[in-house]
Amino acid sequence: MTETSNPPISVWFLNGPNANLYGLDSNKNYGTDSFPVLQSRCEQKAASLDVRLRFLQSNHEGQLIDWIQEARGVADGIVINAAGLTYTSIPILDALLSFPGKIIEAHMSNIWKREPFRHHSYISKVADGVIAGLGGDGYELAIEAVARLVRKNKQVS
């Protein structure tokens, strides 16, 4: 169902290293949906919410930083799963700090049920919310969450 009373908003969904391998993980930490299936699910969810979605993936930290910088003034919100860079990248944190819109951190797996080094996220320091452990459903929920936050923010301003 499309929410026709809401103006369209723009959301960039950024995926970090190895996300392109989703669905190929033998221990199923990341579910069984392939990356193209996840992208399709997210695009369908975004369309149902009148959200213009840009769904991107890179194995390179600098590319993710470039996209965050490009999103300034263009996107209303960012959903980011920086994958392994979540726990190590101060430069991604710094780039996100310069983004004026809403930010949702998303993880396919529950990072707090995994290795201790995954329990600290630099991105959480700037994120408006975190969704973890729900697989592809969490990706769809992250799009819905950022859309709601953006729309609430636009009503207030």
Side-chain angles (χ1 to χ4, degrees), residues 9-23 25 28-31 33-35 37-46 48-49 51-154 156:
I9 61 171
S10 175
V11 171
W12 289 25
F13 199 131
L14 307 179
N15 293 275
N18 301 308
N20 56 309
L21 299 177
Y22 287 157
D25 181 20
K28 307 298 183 223
N29 276 330
Y30 307 111
D33 285 344
S34 68
F35 190 73
V37 167
L38 288 169
Q39 180 173 356
S40 177
R41 287 178 62 180
C42 289
E43 288 169 347
Q44 289 174 23
K45 181 62 167 181
S48 77
L49 299 169
V51 170
R52 291 185 310 268
L53 182 67
R54 188 165 182 208
F55 197 83
L56 302 163
Q57 188 276 328
S58 178
N59 292 324
H60 305 284
E61 180 180 40
Q63 180 62 71
L64 292 167
I65 292 165
D66 287 344
W67 286 332
I68 293 164
Q69 291 177 3
E70 288 173 32
R72 291 177 47 134
V74 177
D76 298 297
I78 289 176
V79 175
I80 184 166
N81 178 357
L85 295 171
T86 300
Y87 325 109
T88 63
S89 183
I90 293 170
I92 288 177
L93 168 63
D94 288 343
L96 288 168
L97 284 166
S98 76
F99 179 73
K102 297 298 181 181
I103 299 168
I104 296 291
E105 177 181 358
H107 298 283
M108 296 283 285
S109 66
N110 183 342
I111 60 176
W112 298 281
K113 289 178 83 173
R114 298 187 63 197
E115 305 91 344
F117 72 86
R118 296 183 195 275
H119 301 174
H120 177 270
S121 164
Y122 284 103
I123 292 168
S124 291
K125 303 236 178 264
V126 70
D128 295 290
V130 179
I131 297 175
L134 301 175
D137 292 343
Y139 266 34
E140 292 179 49
L141 289 169
I143 293 167
E144 185 173 344
V146 77
R148 284 183 182 199
L149 289 173
V150 166
R151 288 193 170 108
K152 280 182 186 177
N153 190 57
K154 285 187 176 193
V156 172

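Bear in mind that the values here come from a model prediction, so they are computed numbers and not experimental data.
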Between I92 and I80, is a side-chain contact (heavy atoms from CB on, under 4.5 Å) present by the stated rule, with each step listed? CA-CA 10 Å; I92 288 177; I80 184 166; 4.1 Å; yes
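- When the side chain to side chain contact (heavy atoms under 4.5 Å, CB included) test is applied to S98, the partners found at least two apart in sequence or on another chain are R72.
- Here salt bridge (Lys or Arg N to Asp or Glu O under 4.0 Å) pairs that include residues 73-96, with residues two or more places apart or in two chains, are D76-K154.
- Here E43 pairs with Q39 under the side-chain hydrogen bond (donor to acceptor under 3.5 Å, both in side chains) rule; sequence neighbours left out.
- A search for side-chain hydrogen bond (donor to acceptor under 3.5 Å, both in side chains) contacts involving T88 returns nothing, not counting sequence neighbours.
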Mind listing the side-chain donor-acceptor pairs of residues 125-138 below 3.5 Å, one per line with the distance, residues two or more places apart or on another chain?
residue : atom : partner : partner atom : Å
D128    : OD2  : I103    : N            : 2.7
D137    : OD1  : R41     : NH2          : 2.5

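- The minimum heavy-atom distance linking V146 with G77 is given by the pair CG2-CA, 4.0 Å.
- Considering only heavy atoms from C-beta on, R54 stays 4.5 Å or farther from V74 through its side chain.
- The shortest heavy-atom contact between L38 and Y22 is CD1-CD1, 3.4 Å.
- Annotation for I65 and P91: closest pair CD1-CB, 3.5 Å, computed over non-hydrogen atoms.
- A distance of 12.5 Å separates CD1 of I123 from CD1 of I104, quoted to the nearest 0.5 Å.
- Here the closest heavy-atom approach between residue C42 and residue F55 is recorded as SG-CE1, 3.7 Å.
- Qualifying salt bridge (Lys or Arg N to Asp or Glu O under 4.0 Å) partners for E144, counting only residues two or more places apart in sequence or in other chains: K45, R148.
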Check residues 11-21 and write down every donor-acceptor pair under 3.5 Å in which the side-chain atom is one partner and the other belongs to a residue at least two apart or another chain.
residue : atom : partner : partner atom : Å
N15     : OD1  : Y139    : OH           : 2.5
N15     : ND2  : L56     : O            : 3.1
N20     : OD1  : Q57     : NE2          : 3.3

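- Evaluation of the side-chain hydrogen bond (donor to acceptor under 3.5 Å, both in side chains) rule for S89 yields E61 as partners, not counting sequence neighbours.
- S40 and Q44 form a side-chain donor-acceptor contact under 3.5 Å, judged by distance and modelled atom types alone.
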Give the intermediate values and the outcome of side-chain contact (heavy atoms from CB on, under 4.5 Å) for residues L64 and L85. CA-CA 10 Å; L64 292 167; L85 295 171; 3.8 Å; yes
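- The backbone N or O of S124 lies less than 3.5 Å from a partner atom in the side chain of E105, making a donor-acceptor pair.
- The salt bridge (Lys or Arg N to Asp or Glu O under 4.0 Å) test applied to R52 returns no partner, not counting sequence neighbours.
- Nearest approach of T86 to S121, heavy atoms of both residues: CG2-OG, 3.2 Å.
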